[in-house]
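Predicted model only: the values in this text are computed from it and were never measured. The chains referred to below are lettered A, B, ... by the order of the sequence lines, with proteins before strands, and numbering in each begins at 1.
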There are 2 protein chains.
Amino acid sequence: MKKVELTDREERILRSIIECHIKTAKPVSSSAVVRNRSVPVSSATVRNVMRSLEDKGLILQPHTSAGRVPTDSGYRYYVDNVMEPRDLTDQERADLEGGIVGLATGDLGAVVAGVSRMMSDFARQLAVTVAPSGERELIEQVKLVSLEADRILAVATTRAGLTRSAVFELGRDEVGGSLADAAALVTEWLSGTPVGDAERTMKTRLSAVPEPTRRVIAALLETSPRLFRLRGVERVHYEGARYILRHPEFSHSAAFIGEIFDDEEALAELVKGRAERGGVSVTIGEENPKKEMKRMSLVVGSYRIGGTFGQMGVIGPTRMRYGRLVGLVDYISEIMDELFSEGGRRTRRSSDEAADGDRG
Amino acid sequence: MKKVELTDREERILRSIIECHIKTAKPVSSSAVVRNRSVPVSSATVRNVMRSLEDKGLILQPHTSAGRVPTDSGYRYYVDNVMEPRDLTDQERADLEGGIVGLATGDLGAVVAGVSRMMSDFARQLAVTVAPSGERELIEQVKLVSLEADRILAVATTRAGLTRSAVFELGRDEVGGSLADAAALVTEWLSGTPVGDAERTMKTRLSAVPEPTRRVIAALLETSPRLFRLRGVERVHYEGARYILRHPEFSHSAAFIGEIFDDEEALAELVKGRAERGGVSVTIGEENPKKEMKRMSLVVGSYRIGGTFGQMGVIGPTRMRYGRLVGLVDYISEIMDELFSEGGRRTRRSSDEAADGDRG
DNA sequence: CCTTAGCACTCTCTGGACGAGAGTGCTAAG
DNA sequence: CTTAGCACTCTCGTCCAGAGAGTGCTAAGG
């Protein structure tokens, strides 16, 4: 890819075209650029510059006598060199942080679903979230709580501060007083073990345990798929499909959008691939490997829970507000990282104090 | 509404038109009906019958020289008098039941989300679920579990067998040994109380409690919104927006579908209104009070958790497979009702045995 | 009286022609 | 290098004609 150099005036005009096109969704004429007062020249001069921008592949005309529309390369130049990631307002930041903090003690599925929802409502775009596999999260402890009748609630907490829980049934006469023993033993086995290894570890150690504790652990082991495995379906989460239907570029032929949703695994891979380097990554139109995505852009960031990374981002038409979305995704991934890092608990508690404002 | 009477032949032809139109999405010609072999007459005779059906308002021609398309009244007659709710296959029943049973111990939000997902995948339509308010569910007991560091997990179980949980923080020195006391006390207060009254009850009783138990309950009370309140956003759940985009009738102008999603409250009211009588209710096209829904049909059923009803159903174009969808919604609401009724636990446990087959 | 073959009729759909409008590219002057 | 002026090109909407689909009607047959 050849590095494109633009003069200051070219850049201003490119910017004006892109920002006007993002607002109106229509080709931008030379006179519209002049009307924007972004450059103090006539429309004829703007036309000359436009021709030069077109030669460089940054804009194009849908047809001979139309205004100009940004190309994918044009958006790329804009994202790399022109736009400034737009900061969120204090109010927006507070809303986001409050919402995410409220989710942070639940299980991974709830976190992912909640973040998707908030992100899509803020961005007014389709949001997609990929949960980290969770298999490499380290278990902190396991508790067993006797509920009413014969039901037992198993709760596992992880080093990142998340909880997973599952209910199973076991006759009261079978349990006796061995619930606490069983929980202590399992915690001893699993503390510091990755979630993904939990089942295997329990299985190998089980034989050495005397009854009646053994019976309890055996029942727990049967439930453990629900406790320790994250089903594929829970790993990818969409929210805000309605926003995509709003865009005039898709209101006519919306059928192909359905295709994007269909192959969840493929899209998850796509999102993961783009975000692995850390930071916020923007993928524009034709840069997407997936055919259905050639007319869409993707803004993704990553976050880390336990040992593994999750990704989240927004999907919309190439004509999207990159500045704002990059700012949004960046801020959300920052919150998530702080919240689920090893020292995350401190951050989490201090969020209540943050409501008082920064007087320190 | 005047009761429409049809001869046997008229009914067969109506049926043929509707079922053919559901398959092809195109107007059905007289010769297409003859080709279906549903009646042993010529196309001219079919045309005469069609005219009579058209006079009765059951079908219409989009334009003079086109075939016939069912009207909303036509679908209504078909649903009321012609179609038979199609039974699911044994495999489908087993899949559905297994899936729902797996959800039945989580919190209400997870149940609602999971059922939406399964329903939309089975129906290949947009599914919408309204959770019961949950305020009138009766609390069974409250447990407090000390997790690592200063975190405490509060778990409430309800008579219907659902669990709700929330994590809060409290300094270890502040808790002392009073966690069990606090839980026992709160359980005593709340057992048999509706979830909606829990906060108030706790608040009035708190003053009489001595330290240090009081401090624990005060902290629990602060968390109780997360434990006992279901946020509005969690009450309505959509899943499967992608299916709606597939339908040829919407692939052109998809924007208005976004409108349906926007006003969640209004749609929740609509769904609730239709399902209150119990059983499966079908609402077709113009029968819908909401403007955006005039071209859509709605198949809803209700289920009961604790004292209140929830609703769930599918939304699609009027051209939908009513027979199959009514069968599906009916079966799902049946499972839900069994699972969350007072005697539900037995059903739940017996689901493991059901895997062995019915030998009794 | 019901059914059916035959035929004229009506309406949509597609493609081409045409004028209006928008916006450009070019040229020549400042 | 910038700009005013003008010719040029392309889209979009409308209009029109021909083809095709499917009906409604009529008259003959059972």
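- Ion pairing of B:Arg15 with B:Glu84 is present here, as a side-chain N (NZ or NE/NH1/NH2) and a carboxylate O approach within less than 4.0 Å.
- Closest approach of A:Asn288 and A:Lys294 over heavy atoms only: O-NZ, 2.7 Å.
- Salt bridge A:Arg324/A:Glu92: present, at least one basic N to carboxylate O contact under 4.0 Å.
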Subject >> nucleotides 10-30 of chain D: protein proximity per nucleotide (B base, S sugar-phosphate only, - neither; heavy atom, under 4.0 Å) >> reply: BS---------BBBB------
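- Panel note: side chain B:Thr24, backbone B:Cys20; a donor-acceptor pair is recorded below 3.5 Å.
- With hydrogens and angles disregarded, no donor-acceptor distance shorter than 3.5 Å links the side chain of A:Ser16 to the backbone of A:Arg12.
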Subject >> Paired and unpaired positions of DNA chain C as dot-bracket, Watson-Crick or G-U wobble under 3.5 Å, | denoting a partner strand >> reply: ||||||||||||||||||||||||||||||
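- For A:Tyr78, the ring pair (Phe, Tyr, Trp, His ring centres under 6.0 Å) test picks out no residue, with sequence neighbours left out.
- Under the 3.5 Å distance criterion, the side-chain polar atoms of B:Asp121 are left unmatched by any main-chain donor or acceptor of B:Met118.
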